[in-house]
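Working notes, beginning with the structure itself.
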2 protein chains.
Amino acid sequence: MESVGNTKGRRERLRSETTAEIKKVALELMASGGPDAITLRAIAREMGMTANAIYGYFATRDDLVTTLINNVYTSLADTVDAAWDAAPAQDPAVRIQAWARAFRDWALANPEGFRLIYGDPVPGYRPPEGGAAPEAARRVCTGITALAAAAWPHAELRYSDGDFEWSDFDLGLLDKVRPAFPDLPPAAVALALRIWSHLHGLVSLEIYGHLQTQALSPEKLFREELAQLIRSLDIPPQS
Amino acid sequence: MESVGNTKGRRERLRSETTAEIKKVALELMASGGPDAITLRAIAREMGMTANAIYGYFATRDDLVTTLINNVYTSLADTVDAAWDAAPAQDPAVRIQAWARAFRDWALANPEGFRLIYGDPVPGYRPPEGGAAPEAARRVCTGITALAAAAWPHAELRYSDGDFEWSDFDLGLLDKVRPAFPDLPPAAVALALRIWSHLHGLVSLEIYGHLQTQALSPEKLFREELAQLIRSLDIPPQS
DNA sequence: TACATAAACTATACGGCGTGAAGTATTTAT
DNA sequence: ATAAATACTTCACGCCGTATAGTTTATGTA
């Protein structure tokens with residue numbers, strides 16, 4: 001009965017350490033060999049265990065992948081949130097740029113993670129219904145909504161039409177967005193989603209190499225995209 | 001020595017028929033079970049053959065997938081090209097809309113094909129260096145360049161800066177683009193690529209379901225994106 | 001028409017994968 | 001000291017791509 005104080009906690013500690021090592025090794029395998037390299041057998045081999053031992057920690061391989069996705073997605077969300085917070089609140093243009101650059105930089109630094117999150121990452125893997133991944137997705141989207149909200153006072157005139165309604169959007173998203181930005185109309189959320197798709201689209205093409213056969217300087221293209229984005233939001237300089 | 005006239009051609013014909021059937025079955029499997037379902041054994045099973053028999057037609061599974069990608073990519077390129085040609089040349093806005101809608105409609109009708117082309121389609125598959133896929137990619141990109149070229153007279157003022165140079169783009173692309181549009185500056189190609197990334201990004205998010213946890217009406221979002229795109233190109237109505 | 005040849009296909013096998021069932025050793029709790 | 005829980009292994013099954021060798025069938029030539 002836990003006489004010393006850590007007798008009971010020992011197994012638990014070992015257990016969480018092993019869990020952490022499994023995830024660590026899986027991420028290393030992913031980094032070196034792509035998402036396809038995440039196999040229970042390879043992880044076990046790396047750890048000097050049997051593949052079946054992992055079943056004591058994760059019910060299936062998909063469960064492990066789901067956990068990894070959650071971790072990676074959270075890391076992305078943390079990164080872009082931090083960049084947003086670090087940028088000066090007075091200047092929306094700078095802030096938006098900071099957010100977008102953080103997103104692209106993260107993707108370029110973690111291409112495998114990007115594919116894990118946004119691609120068809122692992123052979124046969126299908127994401128579960130709920131869980132932390134949609135949560136993190138909404139967190140990222142909320143970040144963009146903050147971005148759109150910061151620009152909305154200036155951009156409103158240009159984007160206020162389009163007859164969007166609240167019912168056009170996912171409730172799980174709105175539950176996060178509306179309390180945070182009570183005055184934002186549906187059109188602003190639509191704008192946020194479109195900004196999101198622009199950034200995602202360009203970075204996605206770059207990460208997957210589909211841009212490579214066309215543009216040799218994705219950086220320049222991204223810079224131009226950002227410049228046009230900010231211009232299209234009608235943000236006055238030094239707001 | 002081909003005495004009758006078709007004696008020699010028979011084997012060849014049977015061969016090409018079998019090749020066609022392999023591709024057909026593979027595409028059916030992909031349509032029903034996703035890109036992961038493309039396995040030599042499943043194809044052979046469906047055809048009443050041994051998996052190894054396929055090696056007489058395709059050197060490896062990756063070779064088969066590459067061929068499929070080429071076929072599917074070509075079908076996409078044909079579709080958008082046809083939509084472009086069918087739209088009235090006098091009205092760039094309508095033409096651009098036709099192109100974009102054709103792209104999205106094709107993607108929605110062939111989601112598995114879309115993933116095959118633009119995703120991380122099949123376990124462990126890595127595309128070869130050259131081949132028809134980059135070719136088709138450039139064909140699609142050329143289509144967008146035509147789109148940008150049609151709008152350039154009006155959009156020039158807004159996008160002519162950005163200090164792009166020809167060296168920023170892939171030679172294989174420029175070889176197709178520059179002869180077709182001799183007067184187009186580098187900035188217009190950059191604009192084309194950005195338009196491409198916008199459309200691709202939105203459709204990609206929709207196809208992969210990453211939009212589902214956020215927007216319930218991708219159609220409306222796409223319509224708005226198109227409207228803003230055309231507006232941002234400064235195309236006067238009824239040009 | 002007989003025969004050599006080439007093509008199409010099968011059989012067998014290897015290693016890798018996820019995973020289920022059963023067994024073993026070690027640690028913990030009573 | 002003993003019973004229970006935990007961590008892990010062993011074995012097995014069916015899936016995969018693919019290499020090698022063997023077999024059947026169609027073809028071109030003498």
Side-chain angles (χ1 to χ4, degrees), chain A residues 1-22 25-26 29-30 32-68 121-126 128, chain B residues 1-22 25-26 29-30 32-68 121-126 128:
Chain A
M1 211 213 232
E2 189 172 351
S3 52
V4 186
N6 59 355
T7 314
K8 177 200 160 219
R10 170 139 188 267
R11 277 252 270 260
E12 225 167 69
R13 183 165 42 81
L14 284 179
R15 186 177 174 75
S16 71
E17 273 171 13
T18 307
T19 307
E21 191 185 351
I22 292 174
V25 171
L29 284 171
M30 180 182 73
S32 68
D36 302 351
I38 305 177
T39 70
L40 298 185
R41 294 180 125 104
I43 294 169
R45 218 177 293 131
E46 208 77 18
M47 294 176 65
M49 286 184 9
T50 316
N52 276 332
I54 300 178
Y55 281 87
Y57 301 87
F58 298 94
T60 69
R61 189 207 55 153
D62 275 19
D63 267 34
L64 170 58
V65 172
T66 300
T67 304
L68 291 179
V122 184
Y125 173 79
R126 285 291 169 273
Chain B
M1 215 219 231
E2 188 172 351
S3 51
V4 186
N6 61 354
T7 314
K8 178 202 158 213
R10 173 144 186 263
R11 278 249 273 259
E12 223 167 70
R13 182 166 42 80
L14 285 179
R15 185 177 174 77
S16 74
E17 273 171 14
T18 307
T19 307
E21 191 185 353
I22 292 174
V25 171
L29 285 171
M30 179 181 75
S32 68
D36 303 350
I38 304 178
T39 70
L40 298 186
R41 293 180 124 103
I43 294 168
R45 217 178 294 129
E46 207 78 18
M47 294 176 64
M49 289 183 4
T50 317
N52 276 333
I54 299 179
Y55 281 88
Y57 300 88
F58 297 94
T60 71
R61 190 206 54 152
D62 275 19
D63 267 34
L64 170 58
V65 172
T66 300
T67 304
L68 291 179
V122 184
Y125 174 79
R126 286 291 169 269

- prompt: What is the nucleic acid contact for Thr60(A), judged by heavy atoms within less than 4.0 Å: base, sugar-phosphate only, or nothing?
  reply: sugar-phosphate
Atom pair distance, as rounded to whole Å: [atom1] in [X] and [atom2] in [N]:
| X | N | atom1 | atom2 | answer |
| --- | --- | --- | --- | --- |
| Phe58(A) | dG18(C) | CZ | C1' | 16 Å |
| Arg13(B) | dA8(C) | CZ | P | 14 Å |
| Met49(B) | dT10(C) | CE | P | 6 Å |
| Leu14(B) | dA6(C) | CG | P | 20 Å |
| Ile54(A) | dT9(D) | CD1 | C1' | 13 Å |
| Ile22(A) | dA7(D) | CD1 | P | 11 Å |
| Ile43(B) | dC9(C) | CD1 | P | 14 Å |
| Leu40(A) | dG15(C) | CG | P | 21 Å |

Of the listed nucleotides dT18(D), dT10(C), dA8(C), the one nearest the side chain of Arg15(B): dA8(C)
- request: Just compare dG18(C), dC9(C), dT18(D) and give me whichever is closest to any side-chain atom of Tyr55(A).
  value: dG18(C)
- request: Please identify each residue that fulfils side-chain contact (heavy atoms from CB on, under 4.5 Å) with Ala53(A), with sequence neighbours left out.
  value: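 In terms of side-chain contact (heavy atoms from CB on, under 4.5 Å), with neighbours along the sequence ignored, Ala53(A) is linked to Met49(A).
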- prompt: What pairs with Ala42(B) under side-chain contact (heavy atoms from CB on, under 4.5 Å), at least two apart in sequence or on another chain?
  reply: Leu29(B), Thr39(B), Arg45(B)
query: Given that Ala42(B) and Tyr57(A) both sit by DNA chain D, which one's nearest nucleotide is further toward the 5' end?
result: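 Final value for this comparison: Tyr57(A).
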task: Any chance you could measure Asp36(B), atom CG, to Met30(B), atom CE, to the nearest 0.5 Å?
output: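 Output value for this atom pair is 11.5 Å.
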message: Just verifying a value: how many Å separate Tyr57(B) OH and Thr67(B) OG1, rounded to the nearest 0.5 Å?
response: 14.5 Å
- prompt: Which atom names give the shortest non-hydrogen contact between Ile43(B) and Ala26(B), and what distance separates them?
  reply: CD1-CB, 3.8 Å
field: Contact summary for Ile54(B) and Leu40(B), nearest pair of heavy atoms
entry: CD1-O, 3.4 Å
- line: Between Gly56(B) and Ala59(A), the residue closer to the 5' end of DNA chain C by nearest nucleotide is Gly56(B)
query: Are the side chain of Thr60(A) and the backbone N or O of Asp62(A) linked by a donor-acceptor pair below 3.5 Å?
result: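 Judged by distance alone, yes, a pair lies under 3.5 Å.
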List, with names and distances, any nitrogen or oxygen atoms from the protein found under 3.5 Å away from nitrogen or oxygen atoms belonging to nucleotides 11-15 of chain D.
| unit_1 | atom_1 | unit_2 | atom_2 | d |
| --- | --- | --- | --- | --- |
| dC11(D) | N4 | Asn52(A) | ND2 | 3.2 |

